[in-house]
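Heads up: the structure comes next, in structure tokens.
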Amino acid sequence: MKAKARKPKKIKMKTKKTFAKRCKVTGSGKIKTQHNYVSHFAANKSHKQKMHLRKTTMTSASDVKRVKELLQG
């Protein structure tokens, strides 16, 4: 009797926990993250710029595919 040929198991990618802690997926599926460039060289930035950087932002459309791969798992 011949042994059955096994299919290789599909390996799931693990969620990147460091990124998962820094972002949130909204109800519509968009990804909400904090702005970059907030803390370093803050003295060179205007008050208005720092004020707007405090708020969250939606991930740009060009990064969504890459970011969703980091969150799958």
For His40 and Lys45, work out which heavy atoms get closest and say how close. O-NZ, 2.9 Å
Are side-chain heavy atoms of Val67 and Cys23 found at a separation under 4.5 Å? no
Heavy-atom donor-acceptor pair, Thr57 side chain to Gln34 backbone, under 3.5 Å: no
Of all heavy-atom pairs linking Gln72 and Thr15, the shortest is O-OG1, 3.2 Å
Value rounded to 0.5 Å, distance of NE2 in His52 from NE2 in His47: 9.0 Å
Are Lys68 and Ile31 side-chain neighbours, meaning at least one heavy-atom pair lies under 4.5 Å? yes
Taking every heavy atom of His35 against every heavy atom of Thr56, the minimum-distance pair comes out as NE2-O, 4.3 Å
How about Phe19: does its CZ atom have over 12 heavy atoms from other parts shown lying under 6.0 Å from it? yes
Distance (rounded to the nearest 0.5 Å) between Arg22 CZ and Leu70 CG: 12.0 Å
Lys30 backbone acceptor or donor facing Thr26 side chain under 3.5 Å: yes
Distance (rounded to the nearest 0.5 Å) between Gln49 CD and Asn44 CG: 9.5 Å
